[in-house]
There are 2 protein chains.
Amino acid sequence: MPSPLPPSAYVVLGLLGQRSSLTPYQLDKRIRESIGHFWAFPRSQLYAEAGRLIRRGLIAEQRETEGRRRRTLSLTDAGRTELDRWLDTPSASSTEIHDEGLLRLFFLRTDGDCTDAIVSLATEQLEAHRRQLAHYQDLVAARGLPPGSPQRATLELGLRMEQMFIAFWTEAVASPDDLPGRD
Amino acid sequence: MPSPLPPSAYVVLGLLGQRSSLTPYQLDKRIRESIGHFWAFPRSQLYAEAGRLIRRGLIAEQRETEGRRRRTLSLTDAGRTELDRWLDTPSASSTEIHDEGLLRLFFLRTDGDCTDAIVSLATEQLEAHRRQLAHYQDLVAARGLPPGSPQRATLELGLRMEQMFIAFWTEAVASPDDLPGRD
DNA sequence: ATTGGATGGTCTGAAGCGTACCGTCGGTCG
DNA sequence: CGACCGACGGTACGCTTCAGACCATCCAAT
């Protein structure tokens, strides 16, 4: 392991670990339908990451020469080793939560009456998070994700996250002069 | 508003909106002690962002010519306008949650017994989140953040976030064969 | 036969981010 | 007093991240 790999590298390795061989396009699709909900990995990045991993010898590429010139990726032994190593190495970095609504709340002027502003922010955020919650619920219902699978659990965390945001903003709407956090 | 500004731009504008004039260094300090807990804005980025905002005419810089050559930043009228506009524009982007532990969970092989792996991941994550929770609690206690202020509310969301993660990983430790999400 | 959508890939420019590095200032301790 | 140390204040560089536009292929339905 030359230098610690960025998260997107492990996304590629991880997905290849699940099904032996995939094209970057398929990686993209799978990601958009799963972890992509909380952590965006743009398509172009996957192609770039694949290139880097090939150079490091962690994945192998088999490429069509004609037609669509598909790149089919698969783990090498070194890649499998690195993936396994990562999977049971305690993570160094802490959780990042990027939420623009939260940022706006933080910067709302506290002096005088920003009450209206807080109520309208909270109302808007509430609606957005309710929509997202409904979307996750649809996903759970639509796909036959086996209960207890990591994939299902990940989605479950998304559900909880949304429920938490909803609770937070609900309290903010209810008592804008006394925002969540009395104690 | 030429093109939509990135979040870091609003962080700079927002902080300057709170106290009329600050150096990038002071921005950095304030951020590290508040929103920096969930959303890292590295120091170098603040200097870069300040440069961009000056070029756009949203902030003004007054610079010492000798000694430490401090850059003192303040909002221009255009900057104040842009900040106010942003503060009551519904946010377009959705919440991003970057958590390496979650990523690892997602990629744990579901076949056979990954039970041990899940338990050790969950245990490790539990400890990390408990530590972070304790840290937030210290902050609330230490600082005299007025209850009901947006700053306090933001920290409160951090507390809830950690509590939610703790609940999630606790369940994972308790029943690794049946991860959170039975229903 | 055309057209349009799903598939598959590339490129570019800007922003994000870590980290190492360099200078200045104010104290304090020998 | 003066050397030093830690807080201040800023810069530079290199990589990663990311959005978006762009291009080409295949297939199926009209």
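Reckoned from all heavy atoms, side chains included, excluding hydrogens, waters and symmetry mates.
Candidate nucleotides C:dG16, D:dG9, C:dG9 were compared by shortest atom distance to the side chain of B:Arg70, and D:dG9 ranks first. In the set D:dC8, D:dT11, C:dG9, D:dT11 carries the atom at the smallest distance from any side-chain atom of B:Tyr47. If you check D:dC18, D:dG10, C:dG8 against the side chain of B:Pro24, the one that comes closest is D:dG10. For B:Arg68, taking side-chain heavy atoms from C-beta onward, the closest of the listed nucleotides C:dT24, D:dT17, D:dT11 is C:dT24. Here the side chain of A:Ser8 is nearest to one of C:dG9, C:dG16, D:dT17, namely D:dT17. Here the nucleotide nearest the side chain of B:Arg52, chosen from C:dG9, C:dG16, D:dT17, is C:dG16.
In the hydrophobic cluster analysis, where Ile, Leu, Val, Met, Phe, Trp and Tyr join through side-chain heavy atoms closer than 4.5 angstrom, A:Val140 is grouped together with A:Met164. Hydrophobic clustering of Ile, Leu, Val, Met, Phe, Trp and Tyr side chains at less than 4.5 Å, counting indirect connections, unites A:Leu139 with B:Leu105.
Between A:Gln45 atom CD and D:dG20 atom P the separation is 15 Å, expressed in whole Å. Following rounding to the nearest Å, A:Glu96 (CD) and D:dT16 (P) show an atom-to-atom distance of 18 Å. Rounded to an integer number of Å, the gap from CD of A:Glu64 to P of D:dA24 is 18 Å. A:Ile31 places its CD1 atom 16 Å from the C1' atom of D:dA19, with the value rounded to the nearest Å. To the nearest angstrom, P of C:dA15 lies 15 Å from CH2 of B:Trp39. Between the CG atom of A:Leu53 and the C1' atom of D:dC15 there is a distance of 15 Å, given to the nearest Å. Residue A:Arg43 contributes atom CZ, which lies 9 Å from atom P of C:dG9 at whole-angstrom precision. The nearest whole Å value for the distance from the CG atom in A:Leu5 to the P atom in C:dC17 is 19 Å.
The nearest heavy atom of DNA chain D to B:His98 and to B:Thr23 marks one nucleotide each, and the one closer to the 5' end goes with B:Thr23. Between A:Pro42 and B:Arg69, the residue anchored closer to the 5' end of DNA chain D is B:Arg69, taking for each the nucleotide with the nearest heavy atom.
One cannot find a donor-acceptor pair under 3.5 Å joining the base of D:dG10 and the side-chain atoms of B:Arg71. For A:Ser44 against D:dA19, a side-chain N or O and a base N or O form a donor-acceptor pair under 3.5 Å.
Looking only at distances, no side-chain donor or acceptor of A:Arg130 sits under 3.5 Å from a matching main-chain atom of A:Ile166. B:Arg43 contributes no side-chain N or O that, together with a main-chain N or O of B:Pro24, makes up a donor-acceptor pair within less than 3.5 Å.
Contact annotation: B:Arg63 does not reach the phosphate of D:dG9 (side-chain N/O to OP1 or OP2, under 4.0 Å). At D:dC8, one or more side-chain N or O atoms of B:Lys29 fall inside 4.0 Å of OP1 or OP2 (strictly under the cut-off).
The side-chain heavy atoms of A:Ser93 and B:His98, taken from C-beta on, include no pair separated by under 4.5 Å. Within the 4.5 Å cutoff, no side-chain heavy atoms of B:Phe38 are placed close to those of B:Met161.
Among the heavy atoms of the strands lying under 4.0 Å from A:Ala40 are primed sugar atoms or P, OP1, OP2 only; no base atom is included.
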